[in-house]
Each structure stands twice: as structure tokens, then as C-alpha cells.
Amino acid sequence: MSGAAETTYYTNDRVTVTNARFMVDGETHAISGITSVKLGVKKPNRILPAALIIFELLALTSGKNLATLSIWHWAIILLPGLIWMCFQRTHYTVTLASASGEHRALKSKVKPFVSEVVEAINQAIVRRG
């Protein structure tokens, strides 16, 4: 953009989106090279924590009378798997497409933040012409 001032569509401490560039965590992408942008969603795999809970239930209850188990037994059984499940979060990504393929440029657990960045890049692409 020879001589034209850059228009900023979004900026914060990690990301800046202008009509010419998308800068994220010290990496710069030219808006002119981006053909499309999308918000990606990666949900956590909860199979292992669920398997842990099932394994713990089977190990503790095999050969025992369930009525004799105290609340502490149940807490010890269920807490590790439940805590593991609770700490797993969905990750959201900004995925850029260009002539050379797709690239995940940003990853965050905060969906509104990633949505704002995707919208800003879309604005920059549309206004680029």
C-alpha cells in the first residue's frame, strides 16, 4: 500500500489487524496473501478421563458391598477423573487460508476474543478488494 496509511481494525496486547497486516505473538501475516479466515473449534478428548472413572469404579467396587463404602471412598474414586474433565477446555483457533495452504495463526480458550480477531481479518480482506 504505497503511501497509504494503515487502518487498524483490531488491536490488543497479542494481536493487531490492519488493512495490510495481521500480527500475532511476534508473527506477521500479509493480508494480501490471506484468501480466507475461519474460526476453528477443537473440543477436548474426554475419553481418557471417563475411562479413568470407569476403571476406578470397577477397581474399588469389585468384590465389595457398595453399601459399606463411605462418601470418602466415592470421592477418592470420582475426584481424579472429574477434576481432569473439568480442567479440559475447548480451544478456539484463527485459521488462515492462503495459496500455500492453511495455517493456525492463533489459539485461545476465549471464544469472543478469537471471534473478534476473525471478524477484523474478514473486514481487512473485504476492504482490500
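- At distances below 3.5 Å, not a single donor-acceptor pair connects side-chain atoms of Q123 with backbone N or O atoms of Y9.
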Atom pairs and distances, donor-acceptor, side-chain atoms in residues 110-120, under 3.5 Å, two or more places apart:
unit_1: S115; atom_1: OG; unit_2: K111; atom_2: O; d: 3.1
unit_1: E116; atom_1: OE1; unit_2: Y10; atom_2: OH; d: 3.4

Report the C-alpha separation of T8 and T18 in whole Å, then their side-chain angles, then the decisive distance to 0.1 Å, and conclude whether the side chain to side chain donor-acceptor pair (under 3.5 Å) test is met. CA-CA 4 Å; T8 301; T18 71; over 6 Å; no

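- Residue pairs meeting the salt bridge (charged side-chain N to carboxylate O under 4.0 Å, His left out) criterion with at least one member in residues 81-91, sequence neighbours excluded, do not occur.
- Side-chain contact between V37 and N122 is present, with at least one heavy-atom pair separated by less than 4.5 Å.
- Within the structure, side-chain hydrogen bond (donor to acceptor under 3.5 Å, both in side chains) contacts touching residues 23-36 (residues at least two apart or in different chains) are R14-D25, E27-H29, E27-H103.
- Distance check, rounded to the nearest 0.5 Å: CD of Q88 to NZ of K43 gives 13.0 Å.
- A single hydrophobic cluster is seen to contain both V17 and V24, as judged by linkage of ILVMFWY side chains at heavy-atom distances under 4.5 Å, directly or through other members.
- Proximity of a side-chain donor or acceptor of N19 to a complementary backbone N or O of T7 within less than 3.5 Å is detected.
- Between L106 and the choices I121, L96, V94, the side-chain contact (heavy atoms from CB on, under 4.5 Å) rule is met once, by V94.
- Considering only heavy atoms from C-beta on, T93 stays 4.5 Å or farther from L39 through its side chain.
- Smallest separation of non-hydrogen atoms from I53 and G81: CG1-CA, 3.6 Å.
- The CZ atom of R104 sits 11.0 Å away from atom NE2 of H91, with the distance rounded to the nearest 0.5 Å.
- For the residue pair S98 and G33, the shortest heavy atom distance occurs at CB-O, 3.1 Å.
- With sequence neighbours excluded, the residues that form a side chain to side chain donor-acceptor pair (under 3.5 Å) with R21 are E6.
- Among residue pairs with one or both ends in residues 34-54, none qualify as ring-ring contact (aromatic ring centres under 6.0 Å, His included); sequence neighbours excluded.
- Shown here are the side chain to side chain donor-acceptor pair (under 3.5 Å) partners of K107, two or more places apart in sequence or in another chain: there are none.
- Under the side chain to side chain contact (heavy atoms under 4.5 Å, CB included) criterion, I54 pairs with L58, sequence neighbours left out.
- Grouping Ile, Leu, Val, Met, Phe, Trp and Tyr residues whose side-chain heavy atoms lie under 4.5 Å apart, directly or via other members, places W84 in a hydrophobic cluster with L48, L52.
- Here the CG atom belonging to L78 is positioned 5.5 Å from the CG atom belonging to L82, to the nearest 0.5 angstrom.
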